[in-house]
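Since the structure comes first, as structure tokens, the remarks are kept for the end.
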Amino acid sequence: MNLRLYHINRQFDLLSIRAARCKSGQCRDSLLRRIECLNVAHHFILD
């Protein structure tokens with residue numbers, strides 16, 4: 001398995017759990033932006 005892909009998936013999981021526990025606001029918005037960036041990186045690696 002690609003090590004970079006593993007790190008992206010792991011960060012995605014951890015950020016998703018943290019975002020689910022946060023109330024809406026600036027902190028949660030920041031986490032969601034980071035998740036979006038990881039999602040883009042994930043798609044670039046798969047292509």
Please tabulate, for side-chain N and O atoms in residues 28-38, each donor-acceptor pair with protein atoms closer than 3.5 Å (sequence neighbours left out).
from: Arg28; atom 1: NE; to: Ala19; atom 2: O; distance (Å): 3.0

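His42 is linked by a side chain to side chain contact (heavy atoms under 4.5 Å, CB included) to Leu5, Ile8, Asn9, Leu46, counting only residues two or more places apart in sequence or in another chain. With sequence neighbours left out, the side chain to side chain donor-acceptor pair (under 3.5 Å) criterion links Asn39 to His43.
Hydrophobic cluster membership for Leu14: none, as no Ile, Leu, Val, Met, Phe, Trp or Tyr side chain comes under 4.5 Å of it. Counting side-chain heavy-atom gaps under 4.5 Å among Ile, Leu, Val, Met, Phe, Trp and Tyr, Ile17 is found in no cluster with other residues.
Applying the side-chain hydrogen bond (donor to acceptor under 3.5 Å, both in side chains) definition to pairs two or more places apart or across chains, none involves residues 11-23.
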